[in-house]
> 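This is the structure I want to talk about, given as structure tokens.
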2 protein chains.
Amino acid sequence: MNLKGLSEILGLSQTTVSRALNGYPEVNEATRKKILAVAAEHNYSPNARAKGLATGRANAIGHVIPIANQHEMVNPIFGDFIAGAGEVYARNNYEMVLSIVDDANEEKVYRAFKSRGTVDGVILHGPKMNDSRIALLDEIGLPFVVHGRASGIDSNYSWLDVNNRSAFRRATEFLLDLGHMRIALINGLETMDFAHRRRGGYEDALNARGVELDPALLRSNDMTEEFGYASTVEILDQSRPPTAFLVSSIISALGVRRALEERGLQMGRDISIITYDDGLSYLANGADVPIFTATRSSVRVAGRALSEMLLAQINDPDAPPQHRLLEVELTVGRSTGPAPTTANLA
Amino acid sequence: MNLKGLSEILGLSQTTVSRALNGYPEVNEATRKKILAVAAEHNYSPNARAKGLATGRANAIGHVIPIANQHEMVNPIFGDFIAGAGEVYARNNYEMVLSIVDDANEEKVYRAFKSRGTVDGVILHGPKMNDSRIALLDEIGLPFVVHGRASGIDSNYSWLDVNNRSAFRRATEFLLDLGHMRIALINGLETMDFAHRRRGGYEDALNARGVELDPALLRSNDMTEEFGYASTVEILDQSRPPTAFLVSSIISALGVRRALEERGLQMGRDISIITYDDGLSYLANGADVPIFTATRSSVRVAGRALSEMLLAQINDPDAPPQHRLLEVELTVGRSTGPAPTTANLA
DNA sequence: CAAATTATCCAAAGCGCTTTGGTAACTTTG
DNA sequence: CAAAGTTACCAAAGCGCTTTGGATAATTTG
């Protein structure tokens, strides 16, 4: 069923039917009722492509998911982010279109989005330091919002970020307060902006207390379980092992825990762990008492908020860019405790 | 830049330019070269909506992701599935459109896909027993392939499934061979077809050996880490605890392991675990020696294969439905060992 | 009560592409 | 060398919708 057919059934012009369905005022209430009824009866909904052609809008938002070619890894937070954004799109009759793409082809995808008119805007995932995509999107004139920020980029773009620096400063301070002087940092790839900021927060806290930073305690990579495990094994094998681990992802934290358990070290007594927790739906941080002491911020909520920001920006292109910095909650779980004294360890 | 502009620059008709770009034969090779060059120079790519309107094809595939309203959980295998499918779409110039939707609205989404012409076909995720969506898609005439199968549905539709029954039969036999007589099953929701089949395989193996099935050892739910943990705690607290666990997801298996460790039970010695492993990129089952003995089948490969099946079906609607049943690999890791004798336990 | 509004409706153009049904020029064939 | 193909191109229709610019009838106004 299309508009033409529907209007013939109704004995009305396509114009009137279209206006009635789109809620324009210049149509009699009685006839509008009738039009809506008949449209529903025939299960009519307008062809998206024709509508898009006529209006110049796609009613769709693009998400470009970069695949790190090294690990071929899909960021595990992605599903939950999408779930949050998806709610918003459904409410606003937008479609979500996804492109899985390796870094090399990312620019092509954005350009194609623009020139083919596939989407009205995009959400930029996983911003890197000096991320070149921001200038690119500005150049091609595709509306966008960034999940995170890009250090080194001056232009004024819309973003929503977690206060990663403050989160990791607070987490580090928390460990220092417990007497931990040697704290390992199991971080994401430090080309990623969030990882860079987290490291900054960690360093801030150490510097403020005059604790020396030991590069031997730092690791940085894609945040898999295996990475957490392997890093921990390496670090514990050193001559002066740490008493605490600060971890950038609950998934890597699982790997850290595995390494500890394999060595018979008890989490929260022998070794403390604080992890960042994105609030993933399938990896809840314990039911009542959290497994891990964690800095937490829901990536699903971020998905909701960012998609709303983007839709607002599309509907009002002249509005100034929006910025939102979310603070994390630091919740205490069973993975932290006072630093063991040397006596205890021996 | 649009076709009209491009053809004016070239001093050719839109017809010729269009034919040249789409590889039709009736255009001189020299002029085709020129057209391609000028198109590239001006960064031209055809408007997707106009093209779709004219051809009647969307060049897009829909994925409907149901959100279980109980747990609000996004299936964690989803990211990897999408990564596999995304590769194929990129190669074939298809777009992937995602709808996140609660069960109540799923039918609406499929109908809208069809009547609005948003997509050329869909991939059906997470088939349930007697899944009503299959009849629905047949009725509305939207091409589809199913990731899994739906017991109780007779119609002949295209699917790709893992041999879940054989996987869990083999896993159970493996445990029985090791002397385990009481094996707990931590399964997915048994309204889901895959979970039903896995349970079938488990029962087959027990029956074949004349081992009695104890309902007290069965659990079924969304496969979160917490579910694995909580189930294990409950089951171990029973008067006659099992010596082995068969788990439907590596994520839940992590929860099982957590429960064991909390009780000081050593995996592979005191308690054996076999888990199903979807080969998730961020949760590799160990680097060299697998952590868990596992039945493994890559969900990413499934994503690739299913999207290829769907595209083939769209391009040749009269071809008969395709069926592919993948066998899993059963790889031995460190989580299994002979059943402890009563003497050992005491 | 004629003139001016207002309320309803419609015909047709246009969005950017593909495709049908040509035509004109150039080759080949008998 | 006339007839029959071929080759290379083009004008225009059509995909299904929105939107502009009326038109007609009903209502209000002075």
Side-chain angles (χ1 to χ4, degrees), chain A residues 1-36 38-39 42-60 93 95 111-120 315, chain B residues 1-36 38-39 42-60 93-95 112-120 315:
Chain A
M1 176 59 57
N2 57 20
L3 227 211
K4 193 178 173 198
L6 194 66
S7 57
E8 277 166 4
I9 290 175
L10 283 154
L12 289 167
S13 74
Q14 299 190 35
T15 307
T16 302
V17 177
S18 172
R19 309 214 89 135
L21 294 174
N22 289 307
Y24 282 78
E26 55 271 85
V27 42
N28 186 291
E29 268 315 310
T31 67
R32 183 197 302 277
K33 286 268 192 299
K34 174 164 224 167
I35 291 173
L36 289 175
V38 176
H42 289 77
N43 223 316
Y44 170 79
S45 42
N47 180 288
R49 290 187 298 279
K51 187 164 190 165
L53 230 206
T55 59
R57 300 182 55 157
N59 269 264
N93 285 312
E95 227 64 66
R111 288 197 185 278
F113 271 169
K114 174 66 178 188
S115 59
R116 309 184 53 184
T118 319
V119 300
D120 298 321
N315 289 323
Chain B
M1 176 60 57
N2 58 18
L3 227 212
K4 192 175 172 201
L6 194 65
S7 57
E8 278 165 5
I9 291 175
L10 283 154
L12 289 167
S13 73
Q14 298 190 34
T15 308
T16 303
V17 177
S18 172
R19 311 212 88 134
L21 294 173
N22 289 307
Y24 283 77
E26 54 270 85
V27 42
N28 186 291
E29 268 315 309
T31 65
R32 184 198 300 278
K33 286 266 194 299
K34 174 164 222 167
I35 290 173
L36 289 175
V38 176
H42 288 78
N43 223 316
Y44 170 78
S45 41
N47 179 286
R49 290 187 298 277
K51 187 165 190 163
L53 230 207
T55 59
R57 299 182 54 157
N59 269 263
N93 285 312
Y94 268 72
E95 227 66 65
F113 272 169
K114 175 66 177 187
S115 58
R116 309 184 53 182
T118 319
V119 300
D120 298 321
N315 288 324

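Proteins get letters first, then strands, A, B, ... in listed order; numbering begins at 1 in each.
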> How close or far is atom C1' of C/dC15 from atom CZ of A/R116, stated in whole angstroms?
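Distance check: A/R116 CZ to C/dC15 C1' gives 17 Å.
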
> At less than 4.0 Å, is any side-chain N or O atom of B/N47 found next to OP1 or OP2 of C/dC17? Yes or no.
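B/N47 to C/dC17 OP1/OP2: no side-chain N or O under 4.0 Å.
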
> Does either side chain, that of A/R32 or that of A/Y24, offer a donor lying less than 3.5 Å from an acceptor on the other one?
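Side chains of A/R32 and A/Y24: no pair found under 3.5 Å.
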
> In whole angstrom, what separates B/M1's CE from C/dC17's C1'?
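About 15 Å, once rounded to whole Å.
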
> Of the options D/dC10, C/dC9, D/dG16, whose atoms approach the side-chain atoms of A/A50 most closely?
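Nearest listed nucleotide: D/dG16.
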
> Are any of B/T15's side-chain N or O atoms less than 4.0 Å away from OP1 or OP2 of D/dC9?
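B/T15 to D/dC9 OP1/OP2: no side-chain N or O under 4.0 Å.
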
> Quickly work out the B/L53 CG to D/dG14 P distance and round it to whole Å.
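Spelled out: CG on B/L53 to P on D/dG14 is 14 Å.
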
> Rounded to the Å, how far apart are B/R19 CZ and D/dC10 P?
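Between P of D/dC10 and CZ of B/R19: 12 Å.
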
> On DNA chain D, does the nearest nucleotide to B/E26 precede the nearest nucleotide to B/T55 from the 5' side, or the other way round? Give the residue.
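Final value for this comparison: B/E26.
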
> Measure the distance from CG on A/L3 to C1' on C/dC9 and round it to the nearest whole Å.
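These atoms are roughly 15 Å apart.
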
> Respond yes when some side-chain nitrogen or oxygen of B/Y44 is under 4.0 Å from OP1 or OP2 of C/dC17, and no when none is.
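For C/dC17, OP1/OP2 do have a side-chain N/O of B/Y44 under 4.0 Å.
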
> Rounded to the Å, how far apart are B/K4 NZ and D/dA11 C1'?
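Roughly 14 Å, once rounded to whole Å.
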
> Among D/dC9, D/dG16, D/dT19, which nucleotide sits nearest the side chain of A/A54?
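Looking only at side-chain atoms, A/A54 lies closest to D/dG16.
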
> Rounding to an integer number of Å, can you tell me how far A/R49 CZ sits from D/dC17 C1'?
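Spelled out: CZ on A/R49 to C1' on D/dC17 is 12 Å.
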
> Does OP1 or OP2 of D/dT18 have a side-chain N or O of A/N22 closer than 4.0 Å?
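Result: yes.
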
> Rounded to the Å, how far apart are B/L12 CG and D/dT7 C1'?
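Computing the B/L12:CG to D/dT7:C1' distance gives 15 Å.
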
